[in-house]
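Data first, discussion second: the structure below is written as structure tokens.
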Amino acid sequence: MATAAKESGYRRLGVLGTRLLMEGPVYPAYLERAALEYDLPGLAGRERINEIIFQELVKGVLRTESRAEVRAIIERLGKKGCDAAILGCTELPLLIEQSDSPLPILDSTRLLARAALRLAVTVAKV
């Protein structure tokens with residue numbers, strides 16, 4: 001994630017995911033070690049994203065209204081100085097694609113899968 005962000009020139013990332021992910025220590029520690037700044041949605045935004053993930057997306061429900069809400073949350077992160085947004089859980093990319101977002105998005109699932117593939121190919125060559 002940090003490598004992709006830095007390669008793209010991003011300096012301040014908005015972090016979206018479950019409340020545990022957004023409020024937990026993993027992303028802050030990881031981003032700080034990479035010398036990247038980050039921000040989170042406000043409390044109401046964090047609660048709403050968590051609800052959308054657990055009450056809709058994990059059940060396969062994709063609502064236009066929820067897409068608009070997440071888009072607005074990402075837009076607010078942009079106004080707070082974020083230059084990209086991390087979709088930090090596997091379900092969010094079901095709802096938000098780059099064309100839906102006012103900021104560039106970093107899809108953690110795809111980035112981690114690509115990194116795992118690169119590592120597997122490298123190890124297989126040895």
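This structure is a prediction, so every number in the text was calculated from the model and none was measured.
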Would the distance check show the side chain of K6 and the main-chain N or O of A35 forming a donor-acceptor pair, the cut-off being under 3.5 Å? no
Hydrophobic cluster membership, Y30 vs L92, 4.5 Å side-chain cutoff: yes
Taking all non-hydrogen atoms of both residues into account, name the closest pair between K80 and L40 and its distance. NZ-O, 3.1 Å
If you look only at distance, which donor and acceptor atoms sit under 3.5 Å apart when one is on a side chain in residues 7-14 and the other is two or more places apart or in another chain?
| unit_1 | atom_1 | unit_2 | atom_2 | d |
| --- | --- | --- | --- | --- |
| S8 | OG | A4 | O | 3.1 |
| R12 | NH1 | E37 | OE1 | 2.8 |
| R12 | NH2 | D39 | OD2 | 3.1 |

After noting the C-alpha distance and the side-chain angles of L87 and L106, does the key distance pass the side-chain contact (heavy atoms from CB on, under 4.5 Å) rule? CA-CA 6 Å; L87 302 183; L106 298 166; over 6 Å; no
Please enumerate all residues that pass salt bridge (charged side-chain N to carboxylate O under 4.0 Å, His left out) together with R67, with sequence neighbours excluded. D100
Please examine the side chains of L62 and L57, heavy atoms only from C-beta on, and report whether any two atoms are closer than 4.5 Å. yes
Going by the rule side chain to side chain donor-acceptor pair (under 3.5 Å), which residues pair with T18 if we only count those two or more places apart in sequence or in a different chain? none
According to side chain to side chain donor-acceptor pair (under 3.5 Å), who are the partners of E69, at least two apart in sequence or on a separate chain? R48
Nearest heavy-atom approach of P41 to M22 is CD-SD, 3.9 Å
So, do L95 and S66 sit near enough that their side-chain heavy atoms are less than 4.5 Å apart? yes
Residues in side chain to side chain contact (heavy atoms under 4.5 Å, CB included) with A68, at least two apart? none
Just jot down the side chain to side chain donor-acceptor pair (under 3.5 Å) partners of E32, sequence neighbours excluded, or say none. none
Around atom CD of E97, are there more than 12 heavy atoms from other residues, nucleotides or ligands closer than 6.0 Å? no
In this structure, CD of E51 is separated from CZ of R19 (nearest 0.5 Å) by 9.5 Å
Locate the shortest heavy-atom distance separating I96 from R71; write the atom from each residue and the value. CD1-N, 4.3 Å
Determine the minimum heavy-atom distance between I53 and C89, stating which atoms define it. CD1-SG, 3.5 Å
I'd like to check E75 versus I73 (side-chain heavy atoms, cut-off strictly below 4.5 Å). Are they in contact? no
